[in-house]
Each structure stands twice: as structure tokens, then as C-alpha cells.
Student: 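Structure below; questions to follow.
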Amino acid sequence: MFTGIVEERGTIRSNGGALLVVGCQTVTEDSAVGSSVSVNGVCLTVVGRDADSLAFDITEETMSRTALGRLHEGDPVNLERPVTLATRLGGHLVQGHVDGIGIIEAVELQEAGATLRIRAATDLLRYAVAKGSIAVDGVSLTVATLGDAEFSIALIPHTLAVTTLGDTKPGDEVNLEVDLISKYVERLSTNGASNG
């Protein structure tokens, strides 16, 4: 479980075959082999580590359901270690289980930050609400506006500087994870209606 508060921007060292290697400093500190780390919002298991990098096995399933396949050597990634019971929950509950891929439609720069418009599948957007939480490439954000096929998020300068979202451009793919609570509410209300 994660919070969507990015701890570090890592750098892809290699992304080929079934192994992803990420250069990093902060998240290596207590990420032993077998630990989970969120890489652009995807929960991955550490299979190798040294002082300045972590290695992860990547399955074909992960590559087909996430935007990790578009990453190349030198690309930045958002990294976060799992939350502990002694950690403040600064974002929202994020599992690192990507629900779908969004496409950046527009990046609107403003004096104090930017607004991103992201196109997403309608079956994903049914779990989104205006002013509700959504994770974009592992970053906990608030839905600013919501339409039938897209939503927007407002980014402050700090978020633009410390996450990969400051580098995005129209056409880029991003990993999306909707709010877990909304999926449970739907499941419970559907089962409750059918079980009478």
C-alpha cells in the first residue's frame, strides 16, 4: 500500500526483456530483495539491489496493462516505498494496481503551476468524482474537472518539479489508478441490490 506521495525521481537504466533496472538513491535505503516499490504507480517487487539502483522482474501482463513499456534508458520515473503504520497518509490509499492507461490531451501552463487534461476510458471514469482522488503515474492528485471521456488535474510548481508530471506532453501515456474506496462502494451496492 502506498500514499501517492513521490519520494524520489529515479532514472531508467535498462528496460528490456523481463527486467527493469532503475537508478535511485533514497528508496534503496530499506528496499531489500522481496520488498515492494511503486514505479510510476505500478507496485513492483525488488529482485536485485545495489547502492544506487533497484531491479524488478516485469511480466508481459504488467507491460500490456501499464505504460511501463514506453520507458527507455534515461527516462525519469516516480518512486515510492510502501507506507508503514508510523507514516502520515499525506495522499490517499494507493495500491499500485494500475486500472488503466490515460493519454495526456493537453498541458496548460499557468503562472503558478499547470493543468493536465487526461483522456481515459469511460469504464474507469465512472469511479472518478470531481474533487476526489486519483493516482496518475503514482502521484496522488485531486480531480479538478470531470467529463465523459477526460478529466483534468491541477499541478502546483512543487509537484511539477519533483515528479515526472512536469515533463509530460500531449500524447504521453500515464498509469491511472482510481480511488479504491469507489470500487468497493460499487461492489457492495451492486451485491446488496442483487442479494436483496
Side-chain angles (χ1 to χ4, degrees), residues 1-12 22-27 29 37-43 66-68 70-72 74-84 86-122 124-183:
M1 191 70 68
F2 305 94
T3 68
I5 304 299
V6 173
E7 294 183 90
E8 175 181 10
R9 273 175 51 135
T11 305
I12 298 295
V22 179
C24 48
Q25 299 292 322
T26 303
V27 299
E29 291 175 13
V37 172
S38 171
V39 179
N40 271 9
V42 182
C43 180
T66 72
L68 291 181
R70 71 172 167 83
L71 298 172
H72 303 287
D75 285 345
V77 288
N78 298 318
L79 300 173
E80 181 190 358
R81 292 170 289 188
V83 68
T84 69
T87 306
R88 288 186 176 96
L89 184 59
H92 72 282
L93 295 176
V94 177
Q95 291 185 296
H97 302 164
V98 173
D99 292 306
I101 295 174
I103 307 292
I104 302 293
E105 288 286 299
V107 178
E108 300 163 4
L109 297 176
Q110 293 139 3
E111 191 172 317
T115 297
L116 298 185
R117 283 192 296 113
I118 302 171
R119 182 170 25 105
T122 54
L124 239 89
L125 292 181
R126 75 175 186 229
Y127 299 110
V129 295
K131 308 307 180 238
S133 297
I134 193 164
V136 179
D137 269 356
V139 183
S140 174
L141 295 163
T142 301
V143 175
T145 63
L146 181 62
D148 291 334
E150 69 179 25
F151 66 97
S152 70
I153 51 174
L155 302 175
I156 62 172
H158 177 77
T159 304
L160 292 169
V162 302
T163 74
T164 60
L165 297 178
D167 301 326
T168 57
K169 58 191 178 310
D172 284 352
E173 294 181 342
V174 289
N175 294 314
L176 301 177
E177 182 181 333
V178 297
D179 190 7
L180 175 66
I181 295 170
S182 64
K183 292 191 284 187

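Atom set for the values below is all heavy atoms of this structure, side chains included, hydrogens, waters and symmetry mates excluded. Numbers here simply count residues along the sequence, with the first being 1.
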Student: Grab the two heavy atoms, one from V6 and one from V139, that are nearest each other, plus how far apart they are.
Tutor: CG2-CG2, 3.7 Å
Student: Taking all non-hydrogen atoms of both residues, which atom of P170 and which atom of V107 are closest, and how far apart?
Tutor: CD-CG2, 4.1 Å
Student: Does the side-chain contact (heavy atoms from CB on, under 4.5 Å) test come out yes or no for T115 and I153, once each step is laid out?
Tutor: CA-CA 6 Å; T115 297; I153 51 174; over 6 Å; no
Student: Apply side-chain contact (heavy atoms from CB on, under 4.5 Å) to the pair H72 and I12, showing each step before the final yes or no.
Tutor: CA-CA 7 Å; H72 303 287; I12 298 295; over 6 Å; no
Student: Test your reading of the model: is there a side-chain donor-acceptor pair from S152 to the backbone of T145, 3.5 Å cut-off?
Tutor: yes
Student: On a heavy-atom basis, which atom in I134 and which in F151 lie closest, and how many Å separate them?
Tutor: CD1-CZ, 3.7 Å
Student: Go through it in stages, so that I can follow the logic: the residues are D137 and R9, the test is salt bridge (charged side-chain N to carboxylate O under 4.0 Å, His left out), and I'd like the CA-CA distance, side-chain angles, deciding distance and then a yes or no.
Tutor: CA-CA 12 Å; D137 269 356; R9 273 175 51 135; over 6 Å; no
Student: Short question: side chain of S140, backbone of G4 - any donor-acceptor pair under 3.5 Å?
Tutor: no
Student: For T26, is there any backbone N or O sitting under 3.5 Å from a side-chain donor or acceptor partner on E8?
Tutor: yes
Student: Considering all heavy atoms of both residues, which atom of L146 and which atom of L125 are nearest to each other, and what is their separation?
Tutor: CD1-CD2, 4.1 Å
Student: How far does CD of E7 sit from CZ of R81, to the nearest 0.5 angstrom?
Tutor: 4.0 Å
Student: Show me the side-chain donor-acceptor pairs of residues 96-105 shorter than 3.5 Å, one per line, residues at least two apart or across chains.
Tutor:
from : atom 1 : to   : atom 2 : distance (Å)
D99  : OD1    : K183 : NZ     : 2.8
D99  : OD2    : V178 : N      : 2.8
D99  : OD2    : K183 : NZ     : 3.4
E105 : OE2    : R119 : NE     : 2.8
E105 : OE2    : R119 : NH2    : 3.0

Student: Looking at CD1 of I118 and CG of L141, how far apart are the two atoms once the value is rounded to the nearest 0.5 Å?
Tutor: 7.5 Å
Student: Hey, mind stepping through V129 and V143 against side-chain contact (heavy atoms from CB on, under 4.5 Å) and telling me if it holds?
Tutor: CA-CA 7 Å; V129 295; V143 175; over 6 Å; no
Student: Output the distance between atom CG (L79) and atom CZ (F2), rounded to the nearest 0.5 Å.
Tutor: 10.5 Å
Student: Do the side chains of T3 and V94 get nearer than 4.5 Å, heavy atoms only?
Tutor: no
Student: Quick check: closest heavy atoms across L160 and L165, and the distance to 0.1 Å?
Tutor: CD2-O, 4.2 Å
Student: Looking only at the side chains, is there a donor atom on one of T164 and N78 sitting less than 3.5 Å from an acceptor on the other?
Tutor: yes
Student: May I have the step-by-step check of side-chain contact (heavy atoms from CB on, under 4.5 Å) for L71 and N40, ending in yes or no?
Tutor: CA-CA 10 Å; L71 298 172; N40 271 9; 4.1 Å; yes
Student: State whether the side chain of E80 and the backbone N or O of S38 hold a donor-acceptor pair below 3.5 Å, judged by distance alone.
Tutor: no
Student: What's the spacing between L116 CG and L109 CG if we round to 0.5 Å?
Tutor: 9.0 Å
Student: Quick one: NE2 on H92 to CD1 on I181, what's the gap to the nearest 0.5 Å?
Tutor: 8.5 Å
Student: Which atom names give the shortest non-hydrogen contact between G41 and E177, and what distance separates them?
Tutor: O-OE1, 4.4 Å
